[in-house]
Colleague: 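One structure is given below, represented as C-alpha cells, and several questions about it will come after.
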Amino acid sequence: LVYVPELGDGTSFLFAVSTNPAHPYIPPAKSEFKYNNVSPTGKDADKYVVWYVPAKNGEPLVPYEEATPLDVTIEQAEVTVHAKDYTGTYDAEEHGITVTVKGLIGEDQATVKYSEGSEEPSTDPILKKDAGEYTINYNVTLPAREGSEESNYKFKNDEQASGSAEIDID
C-alpha cells in the first residue's frame, strides 16, 4: 500500500487493518496494532481501512482510540480478450479459433468455454477439419479470489466476456 519510513526522531507507526467490515471506522482493538515501519499490504481488489498511531520504541504516543484511519482502495486489474479467426485451405488437419486473455497476473488463469450452435459450452476447444464456414462462440470467466466469488480482474470492455469467431476452411 504505502511505505512509511521511520521519522528522524525515532518515531515510527503502529498499524492495524480494520477487521470489522460492518463498522470499519471503529478503531481496532489494541491487540490488532503491530509495530512496523512498512504499512500493512493488501493483495485483493477491495476497500481497506488502515489505522495508524505514532509510536516511539514500539510504544504508542497517543491512545489507540485516537488512531487515524486511512482509506485504501485496490482497484481490479483490467484484462483484454482477443479472439482470432482461422482461415485456411483444406489440409486434413484440425483447426480452431484462438482466444487470448491479456492482463492476468502471476499464475492466475481465465476459463474459456466454447460452443457451436445450441450445444452446451465446454472448455474443450472446438476443432474443424472439413471444408466449410463455422461460427464458434466463446465465453470467458475471470479467476475468482481465494475463498470468494469476486475477482481481482475486470474486463476492459464488458463486451469482451463473450463473443464469436470464425473457422473458414476452403
Side-chain angles (χ1 to χ4, degrees), residues 1-85 97-115 120-125 136-165:
L1 300 172
V2 178
Y3 174 73
V4 180
E6 187 169 307
L7 303 176
D9 64 356
T11 303
S12 58
F13 295 95
L14 297 170
F15 290 101
V17 176
S18 178
T19 55
N20 184 350
H23 302 285
Y25 292 101
I26 295 176
K30 176 181 176 179
S31 62
E32 296 291 318
F33 283 86
K34 306 291 183 221
Y35 174 73
N36 198 335
N37 282 342
V38 180
S39 65
T41 60
K43 71 173 193 169
D44 289 325
D46 208 342
K47 293 182 179 185
Y48 301 90
V49 178
V50 177
W51 292 85
Y52 65 94
V53 295
K56 199 165 210 167
N57 300 320
E59 294 299 319
L61 297 176
V62 298
Y64 287 100
E65 295 78 24
E66 294 179 23
T68 303
L70 175 66
D71 291 322
V72 178
T73 301
I74 299 176
E75 299 287 341
Q76 291 172 299
E78 289 186 335
V79 299
T80 57
V81 176
H82 177 72
K84 183 178 177 187
D85 298 325
I97 65 170
T98 303
V99 178
T100 306
V101 180
K102 292 186 178 180
L104 297 173
I105 299 168
E107 300 198 13
D108 287 347
Q109 294 183 355
T111 301
V112 180
K113 290 190 175 183
Y114 304 89
S115 64
E120 191 68 26
S122 169
T123 55
D124 296 327
I136 309 300
N137 302 309
Y138 64 88
N139 184 286
V140 178
T141 303
L142 298 175
R145 296 195 299 239
E146 189 175 321
S148 172
E149 291 182 19
E150 300 293 319
S151 180
N152 286 322
Y153 301 95
K154 65 181 178 181
F155 294 103
K156 187 170 187 175
N157 181 341
D158 285 335
E159 289 111 37
Q160 293 185 328
S162 60
S164 62

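No hydrogens, no waters, no symmetry mates; every other heavy atom, side chains included, goes into these values.
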Colleague: Considering residues at least two apart in sequence or located in another chain, which fulfil the side-chain contact (heavy atoms from CB on, under 4.5 Å) criterion with Thr98?
Modeller: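 If we apply the side-chain contact (heavy atoms from CB on, under 4.5 Å) test to Thr98, skipping adjacent residues, the hits are Lys84, Thr100.
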
Colleague: Provide the full list of side chain to side chain donor-acceptor pair (under 3.5 Å) pairs with a residue in residues 138-153, sequence neighbours left out, each pair given once.
Modeller: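 Residue pairs passing side chain to side chain donor-acceptor pair (under 3.5 Å), neighbours aside: Asp44-Asn152, Asp108-Tyr153.
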
Colleague: Could you work out, with side-chain contact (heavy atoms from CB on, under 4.5 Å) as the rule, every residue matching Asn157, not counting sequence neighbours?
Modeller: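 Partners of Asn157 under the side-chain contact (heavy atoms from CB on, under 4.5 Å) test: Glu159, Gln160.
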
Colleague: Name all residues meeting the side-chain contact (heavy atoms from CB on, under 4.5 Å) criterion together with Lys30; count only those two or more places apart in sequence or in a different chain, and write none if there are none.
Modeller: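 By the side-chain contact (heavy atoms from CB on, under 4.5 Å) rule, Lys30 matches Tyr64.
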
Colleague: Go through Val49 and Val72 one step at a time and tell me if the side-chain contact (heavy atoms from CB on, under 4.5 Å) criterion holds.
Modeller: CA-CA 6 Å; Val49 178; Val72 178; over 6 Å; no

Colleague: Would you please name every residue forming a side-chain contact (heavy atoms from CB on, under 4.5 Å) with Ala29, sequence neighbours left out?
Modeller: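 Counting only residues at least two positions away or on another chain, Ala29 forms a side-chain contact (heavy atoms from CB on, under 4.5 Å) with Ser31, Glu32.
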
Colleague: Where is the tightest heavy-atom contact between Val101 and Ala110, given as atom of each residue plus distance?
Modeller: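 So the minimum-distance heavy-atom pair works out to CG2-CB, 4.0 Å.
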
Colleague: Under the rule for ring-ring contact (aromatic ring centres under 6.0 Å, His included), what residues qualify as partners of Phe155, not counting sequence neighbours?
Modeller: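 Applying ring-ring contact (aromatic ring centres under 6.0 Å, His included) to Phe155 gives none.
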
Colleague: Between Tyr114 and Pro125, which heavy-atom pair has the shortest distance, and what is it?
Modeller: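 The answer is CD1-CA, 3.6 Å.
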
Colleague: Can you name the closest pair of heavy atoms from Val79 and Gly103 and give their distance?
Modeller: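 Nearest heavy atoms, Val79 then Gly103: CG1-C, 3.9 Å.
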
Colleague: Can you measure from CD1 (Ile74) to NZ (Lys47) and round to the nearest 0.5 angstrom?
Modeller: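 It is 12.5 Å, given to the nearest 0.5 Å.
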
Colleague: Search all heavy atoms of Ser115 against all heavy atoms of Pro121 and return the closest pair with its distance.
Modeller: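 Here Ser115 and Pro121 meet closest at CB-CA, 3.9 Å.
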
Colleague: Is any side-chain heavy atom of Ser162 less than 4.5 Å from a side-chain heavy atom of Asn137?
Modeller: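 No, their side chains stay 4.5 Å or more apart.
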
